[in-house]
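Written out below as structure tokens is the structure these notes cover.
These numbers come from the heavy atoms of this one structure, side chains and all, not from hydrogens, waters or symmetry mates.
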Amino acid sequence: QVQLMESGGGSVQTGGSLRLSCAVARVTDSFDCMAWFRQVPGKEREGVAAMWTGGTGSKHYADPVKGRFTISQDNSKKTLFLQMNSLKPEDTAMFYCAAAETCPLFARTPLALDRYHIWGQGAQVTVSS
């Protein structure tokens with residue numbers, strides 16, 4: 001059963017911007033933390049940005065995207081966003097939205113893959129040079 005629905009992927013040139021959206025499918029769903037991951041063929045899925053949506057709203061970013069990507073959530077807490085600016089060819093990947101219903105000790109490992117058990121279908125982002 002689909003719980004997260006992503007949109008907003010596409011192709012841009014180096015230096016361009018894209019915004020990914022992740023909609024929570026069911027009104028009754030509520031997640032303690034949500035995140036964005038990305039994966040390229042042959043490599044492990046890696047965390048990009050995470051947010052403690054059920055707590056203080058704290059945000060965490062992987063070093064390669066700090067200062068360029070911004071994770072946010074709408075007021076209804078039903079849509080998660082990833083604003084991506086100054087995109088580089090190495091950002092090319094399939095991006096996934098992820099969520100967890102409980103997130104103990106979130107700040108210790110916000111981008112840990114095994115923290116999240118609900119995943120979207122993925123949105124392709126391609127950055128050309």
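For Tyr116, the ring-ring contact (aromatic ring centres under 6.0 Å, His included) partners two or more places apart in sequence, or in a different chain, are Phe37. Legend: residues meeting side chain to side chain donor-acceptor pair (under 3.5 Å) with Asp63, ordered by chain and number and at least two apart, are Lys66. Thr102 pairs by the side chain to side chain contact (heavy atoms under 4.5 Å, CB included) definition with Pro104, not counting sequence neighbours.
In this structure, CG in Leu113 is found 7.0 Å from CZ in Arg45, a value given to the nearest 0.5 Å. Within the model, atoms CD of Gln73 and SG of Cys22 stand 9.5 Å from one another, a figure rounded to the nearest 0.5 Å. A distance of 11.5 Å separates CD of Gln39 from CZ of Phe95, quoted to the nearest 0.5 Å. A distance of 7.5 Å separates CD in Gln124 from OG in Ser11, rounded to the nearest 0.5 Å. Expressed to the nearest 0.5 Å, how far CZ of Phe31 lies from NE2 of His117 amounts to 7.5 Å. The distance from atom CE of Met34 to atom CE of Met51, rounded to the nearest 0.5 Å, is 10.0 Å.
Between the Thr79 side chain and the Asp74 main chain, no donor and acceptor come within less than 3.5 Å of each other. Without hydrogens or angle criteria, Asp32 side chain to Cys103 main chain gives a donor-acceptor distance under 3.5 Å. Put simply, the side chain of Tyr61 gets close to the backbone of Ile71: a donor and an acceptor are under 3.5 Å apart. A donor-acceptor contact shorter than 3.5 Å links the side chain of Arg115 to the backbone of Thr109. Between the side chain of Glu6 and the backbone N or O of Leu20 there is no donor-acceptor pair closer than 3.5 Å. Distance alone, capped at 3.5 Å, places no donor-acceptor pair between the Thr70 side chain and the Gln83 backbone.
Both Val125 and Val12 are part of a single hydrophobic cluster, where members link through side-chain heavy atoms under 4.5 Å apart. Linking ILVMFWY residues whenever their side-chain heavy atoms come closer than 4.5 Å, directly or via other members, leaves Met5 and Ile118 in distinct clusters.
When each of Leu80, Thr53, Asp29 is tested with Val24 by the rule side-chain contact (heavy atoms from CB on, under 4.5 Å), just one qualifies, namely Asp29. Tested against His60, the residues Phe106, Trp52, Phe69 include a single ring pair (Phe, Tyr, Trp, His ring centres under 6.0 Å) partner, Phe106.
For the pair Asp91 and Arg68, the salt-bridge criterion is met [side-chain N within less than 4.0 Å of a carboxylate O].
In this structure, Leu87 and Leu18 have side chains that are in contact, with non-hydrogen atoms separated by less than 4.5 Å.
Ser86 approaches Ser17 most closely through the heavy-atom pair N-OG, 4.4 Å. Looking at every heavy atom in both residues, Gly47 comes nearest to Ala62 through O-CB, 3.4 Å. Closest approach of Leu82 to Ala49, counting heavy atoms only: CD1-CB, 4.1 Å.
Surrounding CZ of Arg108 are at most 12 heavy atoms belonging to other residues, nucleotides or ligands under 6.0 Å away. The environment of CD in Gln13 is sparse: at most 12 heavy-atom neighbours from other residues, nucleotides or ligands sit within 6.0 Å.
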- Message: Between Lys59 and Ser72, does the side-chain contact (heavy atoms from CB on, under 4.5 Å) criterion hold? Intermediate values first, please.
- Response: CA-CA 8 Å; Lys59 302 175 183 181; Ser72 64; 4.3 Å; yes
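Both the sub-6.0 Å distance and the 45° axial angle are not jointly satisfied by Arg38 relative to the ring of Tyr96.
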